[in-house]
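Just so we're on the same page: letters track the sequence lines, and every chain starts at 1. Everything quoted here is computed from the prediction, not taken from an experiment.
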2 protein chains.
Amino acid sequence: MTNSTPPRRKRPDGSGPAHDDGGAGVAVDSTRDEEGVRHFVERFALTLSNLGFPRMSARVLGTLMVAVEPGLTAGQIGQRLGVSAAAVSGAVRYLVQVGMVAREPVPGSRSDRYRLPDDPWYLAGAAKSGVYKRVADLVQEGVVVVGDETSPSGARLAEMRDFMLFIQDSLVDILDRWERTRTP
Amino acid sequence: MTNSTPPRRKRPDGSGPAHDDGGAGVAVDSTRDEEGVRHFVERFALTLSNLGFPRMSARVLGTLMVAVEPGLTAGQIGQRLGVSAAAVSGAVRYLVQVGMVAREPVPGSRSDRYRLPDDPWYLAGAAKSGVYKRVADLVQEGVVVVGDETSPSGARLAEMRDFMLFIQDSLVDILDRWERTRTP
DNA sequence: CATACACTTCACTAATTTGTGAAACGACAG
DNA sequence: CTGTCGTTTCACAAATTAGTGAAGTGTATG
């Protein structure tokens with residue numbers, strides 16, 4: 001089991017207006033069920049982390065997905081998630097590295113803003129990154145070491161390799177089609 | 001930075017007359033580079049575990065993939081990997097549960113034999129399991145909680161949902177096509 | 001040029017995951 | 001029925017991963 005109750009955050013700094021709009025202090029659409037949103041972000045993150053995604057990065061991704069704003073600063077993210085700035089820093093570093101989040105400087109401020117790229121992150125995740133291709137290459141090494149593509153193990157591995165290549169190619173086509181349906 | 005040393009147990013060196021097919025006395029193709037095969041299994045497992053797969057299960061899967069035999073007993077698997085029987089037991093339980101490995105009794109023995117299903121395991125992993133569909137459903141919940149499909153966050157989530165559904169459907173088609181090319 | 005704020009890095013603690021040995025279990029051989 | 005051997009379960013130890021507070025770094029502002 002994972003932490004079901006996010007760490008309680010204390011409210012630092014007394015500066016600024018003294019009223020509380022429910023926690024985030026920013027752009028809260030009053031019609032929106034912030035409690036539900038927060039819960040969704042947790043489930044979203046949990047699912048992604050089951051797929052091998054770093055947990056905190058998944059949380060950050062979720063936070064950006066549900067944000068009304070087009071982008072958030074690291075500070076805002078940490079505040080909304082109730083985690084330390086350090087945690088956000090690490091999570092964001094990873095996300096930027098794999099191209100799932102873009103960082104852009106904010107004009108009159110020292111903080112950068114993070115936002116989801118125009119090409120949504122899952123496009124990168126799905127095929128551009130070429131996971132299937134990489135697996136195919138790996139399995140090909142297997143074919144080589146067992147030496148004989150006609151042996152039982154050789155045949156098994158070769159079939160897997162072919163399958164992965166097939167999927168990779170098909171996926172590229174699919175992405176193409178998706179983009180066409182989206183941008184006529 | 002993951003484990004750089006494969007499970008060390010017995011088996012000191014890797015070259016030489018190492019004719020250890022230990023008591024199991026099994027189908028070692030003398031032309032085959034067993035050292036290389038073992039190394040491949042480790043890399044294979046590492047890759048899968050990066051994709052969120054339990055590590056030992058990935059090792060077992062790899063072992064079955066490279067085996068000359070059509071199936072192996074738990075004992076054989078443990079021996080080849082140099083891990084405890086308990087570890088194999090747990091790994092195999094998971095694999096059977098998700099349908100990536102089939103268990104079949106061995107006639108004149110108390111041990112079962114595990115083998116890869118006729119429908120290769122990655123077919124199950126790729127689409128049948130419906131990961132994309134599940135993500136789509138999850139994201140749909142997000143659309144609901146943010147309340148408005150036209151808000152920035154609502155639109156983002158809705159697009160992701162559509163994408164996941166699109167991929168799921170396409171993948172089903174692709175699998176179809178794959179199976180047709182394989183069985184004319 | 002000095003200050004303050006926002007982010008980053010670092011060393012450490014907490015929590016989760018992974019794997020082990022030993023005991024319990026169950027099916028087949030006698 | 002009883003003994004044996006392979007498998008499974010269990011409680012615990014080791015290793016990995018996550019997240020924190022505090023100190024460090026850099027930049028826009030006074």
Side-chain angles (χ1 to χ4, degrees), chain A residues 1-10 12-16 26 42 45-46 48-50 52-60 63 71-97 101 103-114, chain B residues 1-10 22-24 42 45-46 48-50 52-60 71-97 101 103-114:
Chain A
M1 227 277 264
T2 46
N3 103 356
S4 47
T5 0
R8 233 318 133 221
R9 154 183 77 87
K10 62 198 161 149
D13 115 281
S15 63
V26 185
E42 282 307 322
L46 190 55
L48 256 60
S49 80
N50 281 337
F53 216 81
R55 181 112 75 104
M56 188 56 74
S57 293
R59 286 214 189 96
V60 169
T63 303
L72 300 174
T73 66
Q76 290 176 309
I77 295 171
Q79 195 170 11
R80 295 187 186 193
L81 283 173
V83 300
S84 73
V88 175
S89 178
V92 149
R93 176 157 37 106
Y94 173 82
L95 289 171
V96 168
Q97 193 181 353
V101 155
R103 134 193 280 152
E104 53 188 22
V106 174
S109 159
R110 12 193 174 316
S111 49
D112 291 336
R113 176 173 299 130
Y114 297 96
Chain B
M1 73 68 185
T2 21
N3 135 2
S4 49
T5 30
R8 64 297 117 169
R9 196 106 231 272
K10 41 230 214 135
E42 282 309 321
L46 190 56
L48 256 62
S49 82
N50 282 145
F53 217 82
R55 189 136 91 178
M56 187 56 74
S57 293
R59 288 215 187 96
V60 169
L72 299 174
T73 66
Q76 290 176 309
I77 296 170
Q79 196 171 12
R80 295 187 185 193
L81 283 173
V83 301
S84 73
V88 175
S89 178
V92 149
R93 176 155 38 105
Y94 173 82
L95 289 171
V96 168
Q97 194 181 352
V101 155
R103 134 192 281 154
E104 53 188 21
V106 174
S109 160
R110 14 197 171 316
S111 48
D112 290 336
R113 176 173 298 129
Y114 297 96

What is the distance, to the nearest angstrom, from the CG atom on B/Asn50 to the P atom on C/dT18? 12 Å
Mind listing the closest non-hydrogen atom pair of A/Gln76 and A/Gly71 along with its distance? OE1-O, 4.3 Å
For the pair made of CZ in B/Arg55 and C1' in D/dA14, what is the distance, rounded to whole Å? 12 Å
Rounding to an integer number of Å, can you tell me how far A/Leu46 CG sits from C/dA15 C1'? 15 Å
Measure from OH on B/Tyr94 to C1' on C/dT18 and round the result to the nearest Å. 15 Å
How long is the line joining CE of A/Met56 and C1' of D/dT20, in whole Å? 10 Å
Heavy-atom closest pair, residues B/Val88 and B/Ala74: CG1-O, 3.8 Å
B/Val101 and B/Val92: side-chain contact (heavy atoms from CB on, under 4.5 Å), yes or no, with the steps? CA-CA 8 Å; B/Val101 155; B/Val92 149; 5.5 Å; no
Are the side chain of B/Ser57 and the backbone of B/Ala91 linked by a donor-acceptor contact shorter than 3.5 Å? yes
Main chain of A/Arg59, side chain of A/Thr63: is a donor-acceptor contact present, judged purely on distance under 3.5 Å? yes
Least distance between heavy atoms, A/Tyr114 atom then A/Val96 atom: CE2-CG2, 4.3 Å
Which atoms of nucleotides 7-11 of chain D (N or O only) lie under 3.5 Å from a protein N or O atom, and what are those distances?
| from | atom 1 | to | atom 2 | distance (Å) |
| --- | --- | --- | --- | --- |
| D/dT7 | OP1 | B/Ala74 | N | 3.4 |
| D/dT7 | OP2 | B/Gly75 | N | 3.0 |
| D/dT8 | OP1 | B/Arg103 | NH2 | 2.4 |
| D/dT8 | OP1 | B/Tyr114 | OH | 3.4 |

Send over the distance from A/Ile77 CD1 to C/dC7 C1', rounded to a whole Å. 12 Å
